[in-house]
Engineer: 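Take this structure first; my questions come after.
We count ligands from 1, going down the list as the structure has it; atoms in each ligand are counted the same way.
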Amino acid sequence: MADRETFDGVMVLGAGLAGLSAALALAPRRALVLTPLPLLHGCSSAWAQGGMAAALSPDDDAERHAADTIAAGAGLVDPAMALLLTREGPDAVRWLASLGAPFDREADGAFAQSLEAAHSRARVARVKGDQAGKAIMQAVTGAVQASPSIEVRTGRALALLQDREGRVRGALVEQDGRRVEITAAAVILATGGLGGLYAVTTNPAAVRGEGLAMAARAGARIADPEFVQFHPTAIDLTDFGGADPAPLATEALRGEGARLIGADGRPFMDRHHPMAELAPRDVVARAIHRQIAEGKGAFLDARQAVGEHFPEEFPGVFAACRAAGLDPRRVPIPVAPAAHYHMGGVWTDAHARTSLDGLYAVGECASTGVHGANRLASNSLLEAAVFGLRAGHAARAEADPKNVPGLPSEPPAELPPESLPALRRAMSLNAGVERTAAGLERLLGEIDALAGRHGEALPLTAARLVAQAALAREESRGGHWRLDFPETAAEARRTFTGLTPTGLTPTGLTPTGQTPTGSTPAIREAAE
Ligand SMILES: Cc1cc2nc3c(=O)[nH]c(=O)nc-3n(C[C@H](O)[C@H](O)[C@H](O)COP(=O)(O)OP(=O)(O)OC[C@H]3O[C@@H](n4cnc5c(N)ncnc54)[C@H](O)[C@@H]3O)c2cc1C
């Protein structure tokens with residue numbers, strides 16, 4: 001039996017940039033922020049390197065930024081949402097600066113801006129080269145700690161609590177070794193992406209799709225789960241004892257002119273795209289994947305473009321290389337693609353509301369429609385801040401819980417830690433940079449086998465959503481590349497899916513608009 005507690009305010013699950021922005025925007029409403037690890041730990045936000053995209057310079061504007069976002073998203077970006085994001089971008093950067101985020105400045109005080117892949121302008125606000133995430137999160141964490149309306153607790157959410165009408169009323173939480181059912185005015189899900197489900201990833205281990213799975217189990221609409229972005233240039237330390245998660249050689253290095261070369265020392269990106277090293281991420285990731293699969297090797301050569309300035313300009317990357325005994329001033333950096341960002345997630349509207357009353361979703365666990373099939377570099381910190389603020393403002397109006405009766409909570413099964421590597425390997429192998437029907441079916445078989453042994457744990461539900469939707473999408477688009485369906489379909493369709501209330505194992509697809517019924521669990525897909 002779990003203990004019970006009522007919180008007069010809003011629960012925020014997760015303490016990355018999205019969750020903390022929401023908590024700050026909720027003030028003066030009370031916020032209870034739940035984080036499995038102390039603040040600044042276990043979130044992708046603090047690891048972000050490149051920075052935050054926003055149209056801040058005089059030769060740029062929100063329309064141009066939205067157009068680049070739409071082009072990168074390969075037909076699936078919601079244009080209205082993209083414009084909303086890019087219009088609110090500059091204010092979000094200024095808000096973070098006002099909290100103390102020390103963005104790099106030009107001599108005249110203007111924000112310094114980097115050029116990153118698939119941006120038509122230099123528009124990424126950065127901090128000391130590659131320190132953006134850490135510096136932004138330190139500023140936001142300081143503001144959270146100084147806020148009298150925010151309580152931060154160490155704990156992990158296991159399930160959402162719902163009343164008979166399906167309204168989300170709180171969460172079942174594990175804290176201090178005990179389980180507590182906490183009822184609250186509303187819940188803001190901010191649990192990040194799902195890179196931790198893959199064997200090679202840049203994400204912290206705690207980020208493994210648990211919020212997505214909790215929302216799906218509660219019946220929330222899920223959008224585009226098959227779209228995972230693979231960062232083309234994780235530093236491949238396989239020959240240096242390995243590193244999990246894989247450190248990242250930021251995109252900004254390529255923005256500075258670093259070249260991708262094979263073991264023969266020759267650049268290879270010109271063969272794949274007119275923008276070469278600055279081509280969209282999926283193109284670069286596949287090119288590197290092919291180089292490695294064909295035994296030709298892939299390296300990022302920054303000797304000329306950055307050279308002796310490496311330690312000052314990219315201290316984070318420099319430290320990761322040095323820790324493995326590599327000196328990027330003297331030798332090219334070995335690179336490989338790694339699971340990096342989840343474009344799909346819990347479907348939301350412009351105010352971060354999900355399809356379930358009382359449940360909001362923000363940041364990487366959400367699917368607002370701004371990323372489509374492929375995220376534009378540095379748009380995710382931006383999305384976390386913009387929609388985090390929007391969620392906080394919207395959730396202020398939620399009424400406090402009064403006399404909420406005992407809500408049934410079903411703790412999910414737990415996947416034993418020793419079984420996680422099998423799932424991660426199967427995900428990287430079969431739902432990675434290149435996918436096939438046979439591989440995805442093998443993956444679903446592996447997920448079923450693990451569920452049979454241990455029960456339907458949250459990571460299995462999240463992995464299942466990715467695999468099932470990837471199998472159903474018989475085309476290649478953005479981050480989703482099917483070797484057996486290499487063409488892009490003429491009609492661009494988003495995926496909208498969900499688990500039925502009667503089961504946890506999506507096994508079939510129903511056509512647009514039909515609500516799955518009966519005892520057979522199903523996954524829904526609809527055209528937008
Ligand atoms: C190495 C790296 C570099 C990146 N560089 C950039 C960049 O330069 N620019 C950019 O825009 N984006 C970048 N990204 C992506 C960006 O950092 C993330 O998309 C963004 O920070 C997501 O923010 P978030 O708040 O949604 O999630 P996160 O920051 O990942 O936070 C999620 C939080 O939820 C918690 N959590 C997870 N499960 C539970 C649970 N069951 N219960 C309670 N809490 C839970 C986590 O511990 C964490 O506190 C990068 C990502 C990585 C990994």
Side-chain angles (χ1 to χ4, degrees), residues 11-23 33-54 89 114 116 124-127 129-134 136-137 140-141 152-160 171-175 187-196 201-215 229 231 233-235 245-252 255 316-317 320 338-343 345 361-366 371 375-385 387-388 391 412 458-459 462:
M11 282 184 86
V12 179
L13 308 182
L17 182 59
L20 297 190
S21 299
V33 176
L34 195 74
T35 169
L37 293 172
L39 290 178
L40 290 171
H41 295 274
C43 62
S44 294
S45 299
W47 291 9
Q49 295 184 344
M52 189 160 151
S114 304
E116 287 193 2
V124 178
R126 56 174 198 255
V127 181
D130 61 5
Q131 300 291 297
K134 191 167 157 208
I136 289 171
M137 286 304 288
V140 174
T141 298
V152 179
R153 251 187 232 180
T154 309
R156 180 174 154 243
L158 303 175
L160 297 170
L172 173 69
V173 163
E174 195 167 57
Q175 58 180 50
V187 173
I188 299 178
L189 210 56
T191 49
L194 46 64
T201 181
T202 61
N203 292 188
V207 174
R208 50 183 199 203
E210 291 189 341
L212 174 78
M214 279 185 266
Q229 186 173 73
H231 195 290
T233 54
I235 304 175
L248 194 64
T250 171
E251 204 122 55
V317 182
H340 185 55
Y341 184 80
H342 193 209
M343 273 77 74
V362 287
E364 200 171 329
C365 71
H371 302 303
R375 173 192 67 134
L376 184 66
S378 289
N379 263 359
S380 41
L381 285 179
L382 176 68
E383 188 200 33
F387 285 91
L458 293 175

Engineer: Please classify the Arg156 to ligand 1 contact at 4.0 Å (heavy-atom distances, strictly less than): side chain, backbone, both or neither.
Structural biologist: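 Contact part for Arg156 vs ligand 1: both backbone and side chain.
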
Engineer: In the protein, what heavy atom is nearest to atom 44 (N) of ligand 1, and what distance, to one decimal place, separates them?
Structural biologist: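 Result for atom 44 (N) of ligand 1: Pro36 CD, 3.3 Å.
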
Engineer: Is there a side-chain contact between Leu20 and Met137 (heavy atoms, below 4.5 Å)?
Structural biologist: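 Yes - at least one pair of side-chain heavy atoms lies under 4.5 Å apart.
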
Engineer: Suppose I only count heavy atoms of Gly192 and a 4.0 Å limit; which atoms of ligand 1 are within that range?
Structural biologist: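 Heavy-atom distances to Gly192 below 4.0 Å select 26 (O), 27 (O), 30 (O), 32 (C).
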
Engineer: Hey, what do you get for CG (Leu458) to CG (Leu194), rounding to the nearest 0.5 Å?
Structural biologist: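 Spacing of CG (Leu458) from CG (Leu194) equals 12.5 Å.
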
Engineer: Enter the distance from Glu364:CD to His340:NE2 here, rounded to the nearest 0.5 Å.
Structural biologist: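 Here the interatomic distance stands at 8.0 Å.
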
Engineer: Hey, is Arg375 close enough to Glu383 for a salt bridge, meaning N to O under 4.0 Å?
Structural biologist: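 No, no charged N to carboxylate O under 4.0 Å.
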
Engineer: Does any N or O of ligand 1 fall below 3.5 Å from an N or O anywhere on Ala384, backbone included?
Structural biologist: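 By distance alone, the answer is no.
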
Engineer: For the CD1 atom of Ile136 and the CD atom of Gln131, what is their distance to the nearest 0.5 Å?
Structural biologist: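 So the CD1 of Ile136 and the CD of Gln131 are separated by 11.5 Å.
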
Engineer: Counting C-beta onward and ignoring hydrogens, is there a side-chain heavy-atom pair between Glu210 and Arg156 closer than 4.5 Å?
Structural biologist: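 A side-chain contact under 4.5 Å exists here.
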
Engineer: Counting from 1, what ligand 1 atoms have a heavy atom of Glu210 closer than 4.0 Å?
Structural biologist: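 So the answer, numbered in order with elements, is 38 (N), 40 (C), 41 (N).
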
Engineer: Is there a heavy atom of Thr202 sitting under 4.0 angstrom from any atom of ligand 1?
Structural biologist: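 In this structure, Thr202 qualifies as a contact of ligand 1 - some heavy atom is under 4.0 Å.
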
Engineer: Considering all heavy atoms of both residues, which atom of Cys43 and which atom of Ala15 are nearest to each other, and what is their separation?
Structural biologist: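 Looking at all heavy atoms of both residues, the shortest contact is SG-O, 4.1 Å.
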
Engineer: Indicate the atoms forming the closest heavy-atom contact of Glu116 with Ala377, along with that distance.
Structural biologist: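 Between these two residues, the closest heavy atoms are OE1-CB, 3.3 Å.
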
Engineer: Between Met11 and Val173, is any pair of side-chain heavy atoms under 4.5 Å apart?
Structural biologist: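 Touching, per the 4.5 Å side-chain cut-off.
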
Engineer: Identify, by atom number and element, the atoms of ligand 1 in contact range of Gly50, meaning under 4.0 Å from any of its heavy atoms.
Structural biologist: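 Atoms satisfying the 4.0 Å criterion: 7 (C), 8 (O).
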
Engineer: So is His340 touching ligand 1 or not, going by heavy atoms under 4.0 Å?
Structural biologist: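 In this structure, His340 qualifies as a contact of ligand 1 - some heavy atom is under 4.0 Å.
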
Engineer: Under 4.0 Å from a heavy atom of Met214: give me the atoms of ligand 1 that qualify, with their elements.
Structural biologist: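 Under 4.0 Å from Met214, ligand 1 has these atoms: 41 (N).
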
Engineer: Mind checking whether Gly133 has a heavy atom under 4.0 Å from ligand 1?
Structural biologist: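 Flag not set, Gly133 not near ligand 1.
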
Engineer: Output yes when the distance from some N or O of ligand 1 to some N or O of Gln49 is under 3.5 Å, and no in every other case.
Structural biologist: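 Yes, Gln49 has an N/O under 3.5 Å of an N/O on ligand 1.
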
Engineer: Could you establish whether Gly211 and ligand 1 come within less than 4.0 Å of each other, counting only heavy atoms on the residue side?
Structural biologist: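 Judged by the 4.0 Å heavy-atom criterion, Gly211 does not count as contacting ligand 1.
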
Engineer: Specify side chain, backbone, both or neither for His41, according to which of its non-hydrogen atoms lie closer than 4.0 Å to ligand 1.
Structural biologist: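 Neither part.
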
Engineer: Do me a favour and list the nearest non-hydrogen protein atom to atom 17 (O) of ligand 1 with residue, atom name and distance?
Structural biologist: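 Here the closest protein heavy atom is Ser44 O, 3.4 Å.
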
Engineer: If I compare all heavy atoms of Gly316 with all of Asp130, which pair ends up nearest, and what's the gap?
Structural biologist: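 Residues Gly316 and Asp130, closest heavy atoms: N-OD2, 2.8 Å.
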
Engineer: Please state which protein non-hydrogen atom is closest to atom 47 (O) of ligand 1 and give its distance, to 0.1 Å?
Structural biologist: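 Of every protein heavy atom, Gly42 O, 3.0 Å lies nearest to atom 47 (O) of ligand 1.
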
Engineer: Is the shortest N/O to N/O distance between Leu13 and ligand 1 below 3.5 Å?
Structural biologist: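 For ligand 1, there is no N or O atom that lies under 3.5 Å from one belonging to Leu13.
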
Engineer: To the nearest 0.5 Å, tell me how far Thr250 OG1 sits from Ile235 CD1.
Structural biologist: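 Answer for the OG1-CD1 pair, Thr250 versus Ile235, is 10.0 Å.
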
Engineer: Heavy-atom distances under 4.0 Å decide this one: backbone, side chain, both or neither, for Ala190 against ligand 1?
Structural biologist: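 Only the backbone of Ala190 comes within reach of ligand 1.
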
Engineer: With respect to Leu382, determine whether any N or O atom, backbone or side chain, lies less than 3.5 Å from an N or O atom of ligand 1.
Structural biologist: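 No: no nitrogen or oxygen of Leu382 is under 3.5 Å from one in ligand 1.
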
Engineer: Which bit of Leu381 gets closer than 4.0 Å to ligand 1, counting heavy atoms only: side chain, backbone, both or neither?
Structural biologist: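 Both backbone and side chain.
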
Engineer: Return a yes/no value for Ser45: is any of its N or O atoms, backbone included, closer than 3.5 angstrom to an N or O of ligand 1?
Structural biologist: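 Min N/O separation from ligand 1 is below 3.5 Å for Ser45.
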
Engineer: In terms of residue, atom name and distance, what is the protein heavy atom nearest to atom 49 (O) of ligand 1?
Structural biologist: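 I find the closest protein heavy atom is Ala15 N, 3.1 Å.
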
Engineer: Suppose I only count heavy atoms of Leu248 and a 4.0 Å limit; which atoms of ligand 1 are within that range?
Structural biologist: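 Per the distance check, 1 (C), 2 (C), 3 (C).
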
Engineer: Would Ser380 count as being in polar contact with ligand 1, using the rule that some N or O on each side must be under 3.5 angstrom apart?
Structural biologist: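 There is such a contact, yes.
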
Engineer: How far apart are the closest heavy atoms of Val33 and Ala23, and which atoms are they?
Structural biologist: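 For Val33 and Ala23, the tightest heavy-atom pair comes out as CG2-CB, 3.7 Å.
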
Engineer: Is the shortest distance from a heavy atom of Ser378 to ligand 1 less than 4.0 Å?
Structural biologist: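 Heavy atoms of Ser378 do come under 4.0 Å of ligand 1.
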
Engineer: Going by heavy atoms, is Arg208 under 4.0 Å from ligand 1?
Structural biologist: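 Not so, Arg208 does not reach ligand 1.
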
Engineer: Do the non-hydrogen side-chain atoms of Leu160 and Leu13 ever get within less than 4.5 Å of each other?
Structural biologist: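 Heavy-atom side-chain distance check passes, below 4.5 Å.
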
Engineer: Geometry only, no angles: is Glu364 polar-contacting ligand 1 at N/O separations under 3.5 Å?
Structural biologist: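 Yes - when backbone and side-chain N and O of Glu364 are compared with those of ligand 1, one distance drops under 3.5 Å.
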
Engineer: How far apart are the C-alpha atoms of Tyr341 and His231, what are their side-chain angles, what is the distance that settles it, and do they pass the side-chain contact (heavy atoms from CB on, under 4.5 Å) test?
Structural biologist: CA-CA 8 Å; Tyr341 184 80; His231 195 290; over 6 Å; no

Engineer: Which is closest to atom 38 (N) of ligand 1 by heavy-atom distance: Ala53, Ala206, Gly316?
Structural biologist: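 Looking at heavy atoms only, Ala206 sits closest to atom 38 (N) of ligand 1.
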
Engineer: Could you please spell out the steps behind the side-chain contact (heavy atoms from CB on, under 4.5 Å) verdict for Thr191 and Leu212?
Structural biologist: CA-CA 8 Å; Thr191 49; Leu212 174 78; over 6 Å; no

Engineer: Examine Gly193 against ligand 1 and note whether any of their N/O atoms are separated by less than 3.5 Å.
Structural biologist: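 For ligand 1, there is no N or O atom that lies under 3.5 Å from one belonging to Gly193.
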
Engineer: I'd like to check which ligand 1 atoms, numbered from 1 as shown, lie under 4.0 Å from a non-hydrogen atom of Asn203.
Structural biologist: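 The list of qualifying atoms is 53 (C).
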
Engineer: Can Gln175 and Thr154 be said to form a side-chain contact (heavy atoms from CB on, under 4.5 Å), step by step?
Structural biologist: CA-CA 7 Å; Gln175 58 180 50; Thr154 309; over 6 Å; no

Engineer: Tell me which part of His231 gets within contact of ligand 1: side chain, backbone, both or neither, using heavy atoms under 4.0 Å.
Structural biologist: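 Neither part.
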
Engineer: Among all protein heavy atoms in this structure, tell me which lies nearest to atom 42 (N) of ligand 1, with the distance rounded to 0.1 Å.
Structural biologist: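 The closest heavy atom on the protein side is Ala157 N, 2.9 Å.
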
Engineer: Any side-chain heavy-atom pair from Glu251 and Val124 closer than 4.5 angstrom?
Structural biologist: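 Answer no - side chains too far apart.
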
Engineer: Purely on distance, is any nitrogen or oxygen of Gly155 under 3.5 Å from one on ligand 1?
Structural biologist: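 The answer is no, given that Gly155 and ligand 1 share no N or O pair closer than 3.5 Å.
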
Engineer: Which atoms of ligand 1 are found less than 4.0 Å from any heavy atom of Gly51?
Structural biologist: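 Selected atoms, number and element: 7 (C), 8 (O), 9 (N), 10 (C), 11 (O).
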
Engineer: Yes or no: does Arg375 have any heavy atom under 4.0 Å from an atom of ligand 1?
Structural biologist: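 Judged by the 4.0 Å heavy-atom criterion, Arg375 does count as contacting ligand 1.
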
Engineer: Name the closest protein heavy atom to atom 25 (O) of ligand 1, giving the residue it belongs to and the distance to 0.1 Å.
Structural biologist: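 Minimum-distance protein heavy atom for atom 25 (O) of ligand 1 reads Ala18 N, 3.0 Å.
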
Engineer: Work out which heavy atom in Ala234 is nearest to a heavy atom in Thr202; give both atom names and the distance.
Structural biologist: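 Ala234 and Thr202 have their closest heavy atoms at CB-CG2, 4.4 Å.
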
Engineer: Of all the atoms in ligand 1, which lie at a distance below 4.0 Å from a heavy atom belonging to Gly363?
Structural biologist: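 Contacts of ligand 1 toward Gly363, numbered from 1: 26 (O).
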
Engineer: Atom 6 (C) of ligand 1: which protein heavy atom is closest, and how many Å away?
Structural biologist: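 For this ligand atom, the closest protein heavy atom is Ala48 CB, 3.4 Å.
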
Engineer: Counting non-hydrogen protein atoms only, what is the nearest one to atom 39 (C) of ligand 1? Give residue, atom name and distance.
Structural biologist: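 For atom 39 (C) of ligand 1, the nearest protein heavy atom is Thr191 CG2, 3.7 Å.
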
Engineer: Given that the side chain starts at C-beta and the backbone is N, CA, C, O, which of these parts of Val207 lies under 4.0 Å from ligand 1, counting heavy atoms, or is it both or neither?
Structural biologist: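 Answer for Val207: side chain.
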
Engineer: Nearest 0.5 Å, please: how far is CZ in Arg208 from CG in Asn203?
Structural biologist: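 CZ of Arg208 is found 12.5 Å from CG of Asn203.
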
Engineer: Looking only at non-hydrogen atoms, find the nearest pair between Ala159 and Met214 and report the distance.
Structural biologist: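 Closest heavy-atom pair between Ala159 and Met214: N-SD, 3.6 Å.
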
